[in-house]
Protein chains: 2
Amino acid sequence: MQKSLRPSTPNMARPTTKDLARVAGVSRATVDRVLNGREGVKSETVEKVTAAIRELGFVRNISAANLAKSKSYRFIFVLPRSGDQFLDEILRHIHEAGEVFASDMIWAEVQPIDENDPHQIAAFLASLSPGDVDGVAIMAPETPQLRDAMTRLAERGVCALPFISNQALSGDNLVGIDNRAAGKTAATLMGRFIHAPRGQILVIAESMQSRDSLERRLGFDQVINHSFPHLTTLPSLETYGSAERAERVITAATQRNPDIVGVYVMSSEARIPLEVLERTDLPQQIVSIAHERTPFTENALRNGSIDALITQDPGHLVRSAIRRLRALSDNLTTSTSQEKIRIEVLIATNI
Amino acid sequence: MQKSLRPSTPNMARPTTKDLARVAGVSRATVDRVLNGREGVKSETVEKVTAAIRELGFVRNISAANLAKSKSYRFIFVLPRSGDQFLDEILRHIHEAGEVFASDMIWAEVQPIDENDPHQIAAFLASLSPGDVDGVAIMAPETPQLRDAMTRLAERGVCALPFISNQALSGDNLVGIDNRAAGKTAATLMGRFIHAPRGQILVIAESMQSRDSLERRLGFDQVINHSFPHLTTLPSLETYGSAERAERVITAATQRNPDIVGVYVMSSEARIPLEVLERTDLPQQIVSIAHERTPFTENALRNGSIDALITQDPGHLVRSAIRRLRALSDNLTTSTSQEKIRIEVLIATNI
DNA sequence: ACGGTTTTGAGGCACGTGCATCAAAATTTT
DNA sequence: AAAATTTTGATGCACGTGCCTCAAAACCGT
């Protein structure tokens with residue numbers, strides 16, 4: 001029974017290992033053995049110490065421990081090379097966060113990888129050892145190789161965190177939004193923003209091979225079909241990041257379907273498809289919804305060519321990932337602090 | 001000799017005050033004098049040390065410094081007594097955060113106050129000294145007394161942070177959302193969700209004396225008038241937190257205005273007005289938008305009696321405030337880490 | 001050159017924890 | 001009971017910084 005977790009008077013000092021030793025009736029050396037899980041301590045003695053921990057409400061001073069070990073945290077963000085604007089924002093915030101976290105002895109670095117070469121990613125992860133690095137945040141499509149590499153990494157004692165776009169239902173560990181819910185949100189806004197009695201919705205992605213797009217599409221269709229049966233969703237168009245291809249498939253689709261009343265751009269890089277749509281002769285009152293805030297989408301929102309933006313704040317993402325990695329590499333046991341990334345909805349009036 | 005801010009190899013240690021002393025060609029005592037701004041150092045010597053700091057990219061190890069000073073942070077949340085559900089959530093998260101931040105030597109406490117007694121608040125703030133407490137987050141209506149008390153507190157070296165609802169345009173320091181933008185967002189959603197060719201919107205607040213409500217109303221009207229001229233906003237109804245009064249004014253308003261197509265509940269406690277509306281015989285397809293996620297509003301969103309919720313995540317608010325206070329009390333000079341709280345839009349599909 | 005003042009250096013202890021060593025005590029095995 | 005083994009205690013250094021004291025050095029005005 002802990003009397004109180006918190007000092008009732010300001011000057012009440014926090015219990016130290018010395019206090020633990022005194023209360024448990026053992027030496028500081030033994031307290032140390034228990035706290036750090038070393039061998040050769042009678043279970044009876046362990047119990048005495050843990051009882052004292054509970055009684056005093058002892059919390060290990062991590063700063064002091066890190067100082068003693070001269071430990072500093074080194075985290076690596078494994079990110080795709082491809083430089084779309086969203087990724088640029090992420091990079092910028094990683095460097096910014098690097099400076100902020102420096103005084104906490106946290107280093108954050110970026111390792112660019114070819115996101116479509118699972119072997120290369122796996123090889124990189126395999127090259128990391130606990131001595132070199134304390135945690136990795138990985139933004140890459142889910143593949144069996146990657147999944148295995150992450151598991152092995154965790155087994156070697158380096159924590160790995162899916163970042164933004166990755167591994168399906170690593171769920172509670174992912175730093176990023178629930179893409180299915182994001183798709184649902186887009187659909188609800190789309191359905192309610194569209195006043196036409198019926199019509200079709202154009203759906204554009206960079207590639208439907210990425211899990212993100214699949215999940216968004218899933219959520220989107222689910223809500224449109226269930227709640228807005230007067231609307232039809234067209235098959236996903238894929239740009240593969242190419243402007244020419246985007247031009248081709250989008251114009252083809254708009255000519256084939258005269259009743260388009262909405263456009264949903266699922267990929268994080270909305271610039272290419274939106275520029276193409278700009279040039280296409282679609283009716284003005286079309287509702288368009290895209291993802292991620294970038295200089296381009298922000299501007300598009302302002303001038304009305306986009307009606308809503310589903311976003312995740314890059315700064316929050318980065319800082320949250322860093323804090324999560326720190327928590328993970330500190331207490332392998334305690335539950336991670338619940339830092340759920342929320343889906344933000346941006347419209348012209350709250351950017 | 002190390003030019004880079006960041007270690008290129010993992011084992012490159014961070015420069016310490018000892019390194020600074022060596023490079024600057026002075027003693028560690030002098031480095032200490034410069035670092036901590038003590039008097040009696042020739043400006044020439046100061047320059048030598050700051051040059052070394054720049055050259056090495058020295059960053060003070062705050063953990064070690066705090067350890068040496070046996071400093072721990074003590075922050076106080078000054079919150080209204082009144083226990084609405086939103087406040088309950090805030091309280092819960094403060095206690096939760098207290099445990100998480102304990103290992104970083106951060107204590108967070110709550111001081112309940114009567115939010116409508118500026119004198120009492122000012123007196124409490126005046127009773128605080130830098131020795132007792134390192135920072136205060138204050139949630140209370142703006143008054144001249146409070147503003148003065150906060151200024152004086154800051155002068156005494158205790159940082160004060162407006163929390164959620166407070167001081168007008170302390171702007172960049174406020175932990176909370178921009179209420180004007182929140183009102184605008186509500187209006188945009190309202191305007192686009194309403195399909196009726198014309199109609200009136202009911203606006204309900206707890207009290208229009210609070211700055212929050214005023215700003216939300218301002219933003220709301222601005223957007224409705226500008227972008228949705230076919231809609232009319234009715235004068236704000238005030239409940240003063242009383243169920244009877246809410247019942248009276250709301251039923252009166254609904255009888256007086258037959259063309260109500262939307263309801264906007266501005267106050268953070270949406271339960272009372274919504275329960276009244278539930279009993280009122282309004283047409284089913286009315287669009288209703290409220291603020292803050294509570295067990296009640298969450299449920300209302302699920303069962304469709306609310307169409308959208310403008311929220312700020314209580315957990316984020318609390319943790320952000322704590323981190324902000326820590327940053328403030330650490331470096332009185334450096335720019336605070338940019339932790340802007342975003343306006344979240346919740347609809348049935350992304351709760 | 002003198003005394004006085006300002007500036008600097010040297011050294012040491014403290015903070016709370018990790019880690020190492022060696023001896024002492026307790027327990028088990030022979 | 002002696003020997004072997006396990007468990008515990010005592011002690012000390014280290015981490016990086018703050019803060020203290022005292023003396024040495026550099027500078028000042030006369």
Side-chain angles (χ1 to χ4, degrees), chain A residues 11-50 52-53 56-73 102-106 131 329-331, chain B residues 7 11-50 52-53 56-73 102-106 130-131 329-331:
Chain A
N11 293 332
M12 186 187 286
R14 232 169 72 166
T16 71
T17 50
K18 226 174 269 179
D19 299 317
L20 273 190
R22 189 172 34 77
V23 171
V26 300
S27 73
R28 216 179 66 79
T30 299
V31 168
D32 173 74
R33 291 180 181 112
V34 173
L35 279 181
N36 297 288
R38 298 184 220 291
E39 312 223 319
V41 183
K42 260 197 301 186
S43 59
E44 187 186 328
T45 313
V46 173
E47 187 44 48
K48 276 198 291 185
V49 174
T50 54
I53 292 177
L56 297 181
F58 172 84
V59 182
R60 187 205 242 93
N61 183 335
I62 295 190
S63 302
N66 287 346
L67 178 60
K69 287 185 291 191
S70 25
K71 174 183 178 68
S72 60
Y73 303 86
S103 56
D104 291 332
M105 309 294 291
I106 295 177
S329 75
D330 274 348
N331 43 9
Chain B
N11 293 333
M12 187 186 285
R14 234 171 70 166
T16 71
T17 50
K18 226 174 268 181
D19 300 316
L20 272 189
R22 191 171 34 75
V23 172
V26 299
S27 73
R28 213 177 69 77
T30 299
V31 168
D32 174 72
R33 291 181 180 112
V34 174
L35 278 181
N36 296 291
R38 296 184 221 291
E39 312 225 317
V41 183
K42 263 197 298 185
S43 60
E44 189 186 327
T45 312
V46 173
E47 187 43 50
K48 278 198 291 187
V49 174
T50 54
I53 291 177
L56 297 181
F58 172 85
V59 182
R60 184 208 243 90
N61 183 336
I62 295 189
S63 303
N66 287 346
L67 179 58
K69 288 184 291 193
S70 15
K71 174 185 177 65
S72 60
Y73 303 86
S103 58
D104 291 331
M105 310 294 291
I106 295 177
S329 76
D330 275 346
N331 44 11

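Chain A is the first sequence line, chain B the second, and so forth, proteins listed ahead of strands; every chain is numbered from 1.
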Check whether any side-chain N or O of Asn36(A) sits under 4.0 Å from OP1 or OP2 of dG18(C), and answer yes or no. yes
When you compare the side chain of Arg60(B) with that of Asn36(B), does any pair of heavy atoms fall below 4.5 Å? yes
Between CD1 of Ile62(A) and C1' of dT17(C) the distance, given in whole Å, is 12 Å
Write down the distance between CG (Asn61(A)) and P (dG16(C)), rounded to a whole number of angstrom. 8 Å
Are any non-hydrogen side-chain atoms of Asp32(B) and Arg38(B) less than 4.5 angstrom apart? yes
Tell me the interatomic distance from Asn66(B), atom CG, to dG18(D), atom C1', rounded to whole angstroms. 11 Å
Indicate whether OP1 or OP2 belonging to dG9(C) is found under 4.0 Å from a side-chain N or O atom of Ser27(B). yes
Give Asp32(B) one of three labels, base, sugar-phosphate or nothing, depending on what nucleic acid heavy atoms sit under 4.0 Å from its own. base
Is any side-chain N or O of Arg33(A) under 3.5 Å from a base N or O of dG9(D), one able to act as donor and the other as acceptor? yes
If you take atom types as modelled and just measure distance, does the side chain of Arg28(B) reach the base of dG16(D) with a donor-acceptor pair under 3.5 Å? no
Between Lys42(B) and Arg38(B), name the one whose nearest nucleotide on DNA chain D is closer to the 5' end. Arg38(B)
Are Thr17(B) and dT17(D) close enough that a side-chain N or O sits under 4.0 Å from OP1 or OP2? yes
Can you measure Asp19(A) atom CG to dG16(C) atom C1' for me and round it to whole angstrom units? 11 Å
Under a 3.5 Å distance rule, please check whether Asn66(B) uses its side chain to pair with a backbone N or O of Ser63(B) as donor and acceptor. no
